[in-house]
There are 2 protein chains.
Amino acid sequence: MDIDKAISALNNPARRQILIWLKDRSNFPPALPEHADLAGVCVGYIQEKSGLSQSTISTYMNALKGAGLVLSERHGQWTFYRRNEEVIAQTLKKLSEDLQ
Amino acid sequence: MDIDKAISALNNPARRQILIWLKDRSNFPPALPEHADLAGVCVGYIQEKSGLSQSTISTYMNALKGAGLVLSERHGQWTFYRRNEEVIAQTLKKLSEDLQ
DNA sequence: GCGCTATATCGCGATATCTCGATATATGGA
DNA sequence: TCCATATATCGAGATATCGCGATATAGCGC
């Protein structure tokens, strides 16, 4: 867990908002039937919700992933991103312990 | 409390380290006798400890102040900076509530 | 193979941050 | 007043981030 990379990833309102949206699957359109059992949300849904461009969201999701804050899984043509609760919790804990 | 400005201020290892050092006055040389009763640490001590330039530290302390994370008080030629515990706590709390 | 869809990567101009040295300002003392 | 000290501000080059459109890649179905 690289606290520096994590804070850097969090230092952007759109990326923070994505993490917040990902807390609740119902912030996005329902999954396709064939994806019903998969965790996470595909890039397209996140892009649509955010209003940012596809390339921007892809880059942002990769930044969040690089910081460990999300996990990704490829299924066919889709990449599903979901929160990495452990790393998110660790990051917030470390920040609090350091600064508080 | 502007969470965006706060995270931005925290998105720098040197500024985070300064906040950590400021938790304990003994991280710095003892205050001059005439300042013994004042809260906070002068810019020069912080500069010395950090190894960064005087102008950089002055700018950094101003950024931390702009984010509300520190308070400053001028006494004669010296500016004393100290942590703003309330805002630091609020910031960490808001971050946790939003993201956790 | 071809075409379609989903995602990733590239290249870019705009803007922000980093950190510095030089300079300005403020204060206190001789 | 003049000088020394402490801090703030200015200006700049280097680097990073932002967000885009264009293009590349990967997987699926025919």
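Below, each value reflects all heavy atoms present in this structure, side chains not excepted, and no hydrogens, waters or symmetry copies. Labels below follow one simple rule: chain letters A, B, ... track the order of the sequence lines, proteins then strands, and each chain is numbered from 1.
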Go through the structure and list residues passing salt bridge (charged side-chain N to carboxylate O under 4.0 Å, His left out) with [X], not counting sequence neighbours.
| X | result |
| --- | --- |
| Glu86(B) | none |
| Glu85(B) | Arg83(B) |
| Glu97(B) | Lys93(B) |
| Lys94(B) | Asp98(B) |

- Taking only residues at least two apart or on different chains, which pairs with a member in residues 52-81 of chain A satisfy salt bridge (Lys or Arg N to Asp or Glu O under 4.0 Å)?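 Output for this query lists Glu73(A)-Arg82(A).
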Provide the closest heavy-atom pair for [X] versus [Y] in the form atom of the first, atom of the second, distance.
| X | Y | value |
| --- | --- | --- |
| Pro29(B) | Tyr45(B) | O-CE1, 3.3 Å |
| Lys5(B) | Ala67(B) | O-CB, 3.8 Å |
| Ile20(B) | Asn27(B) | O-ND2, 4.3 Å |
| Thr79(A) | Ser72(A) | CG2-CB, 4.0 Å |

- Have a look at Thr79(A) and say if it touches a base, only the backbone sugar-phosphate, or nothing, with a 4.0 Å heavy-atom cut-off.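 Touches sugar-phosphate only.
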- Inter- and intrachain pairs under side chain to side chain donor-acceptor pair (under 3.5 Å), touching residues 28-41 of chain A, at least two apart: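 Qualifying pairs: none.
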- Message: Is any side-chain heavy atom of Leu99(B) closer than 4.5 Å to one of Leu10(A)?
- Response: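 Yes, at least one pair of side-chain atoms sits under 4.5 Å.
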- Neighbours of DNA chain D within residues 32-56 of chain A, by heavy-atom distance under 4.0 Å: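 Contacting residues: Leu52(A), Ser53(A), Ser55(A), Thr56(A).
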- Side-chain N,O (Tyr81(A)) to OP1/OP2 (dA6(C)) below 4.0 Å: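 False: Tyr81(A) side-chain N/O out of range (4.0 Å or more) of dA6(C) OP1/OP2.
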- Item | Set of residues satisfying side-chain hydrogen bond (donor to acceptor under 3.5 Å, both in side chains) with respect to Ser53(A), sequence neighbours excluded |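 Ser53(A) satisfies side-chain hydrogen bond (donor to acceptor under 3.5 Å, both in side chains) with Ser55(A), Thr56(A) once adjacent residues are dropped.
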Distances under 3.5 Å only, N/O to N/O: pair up the protein atoms with those of nucleotides 12-15 of chain C.
none

Report each atom pair, protein N/O against N/O of nucleotides 16-18 of chain D, whose distance is under 3.5 angstrom.
residue : atom : partner  : partner atom : Å
dC18(D) : OP1  : Asn12(A) : ND2          : 2.9
dC18(D) : OP1  : Arg15(A) : NH2          : 3.4
dC18(D) : OP2  : Arg15(A) : NH1          : 3.1
dC18(D) : OP2  : Arg15(A) : NH2          : 3.3

- Message: Rounding to an integer number of Å, can you tell me how far Asn62(B) CG sits from dA24(C) P?
- Response: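 Taking CG of Asn62(B) and P of dA24(C), I get 20 Å after rounding.
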- Task: Whole angstrom is fine here: how far is it from NZ in Lys65(B) over to C1' in dA8(D)?
- Result: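 From Lys65(B) NZ to dA8(D) C1': 11 Å.
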Could you write out each protein N or O paired with an N or O of nucleotides 25-29 of chain D at a distance under 3.5 Å?
residue : atom : partner  : partner atom : Å
dG27(D) : N2   : Gln77(A) : NE2          : 3.3

- Sequence neighbours excluded, which residues qualify as side chain to side chain contact (heavy atoms under 4.5 Å, CB included) partners of Ser50(B)?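 For Ser50(B) the side chain to side chain contact (heavy atoms under 4.5 Å, CB included) partners, ignoring immediate neighbours, are Trp21(B), Leu52(B), Ile57(B).
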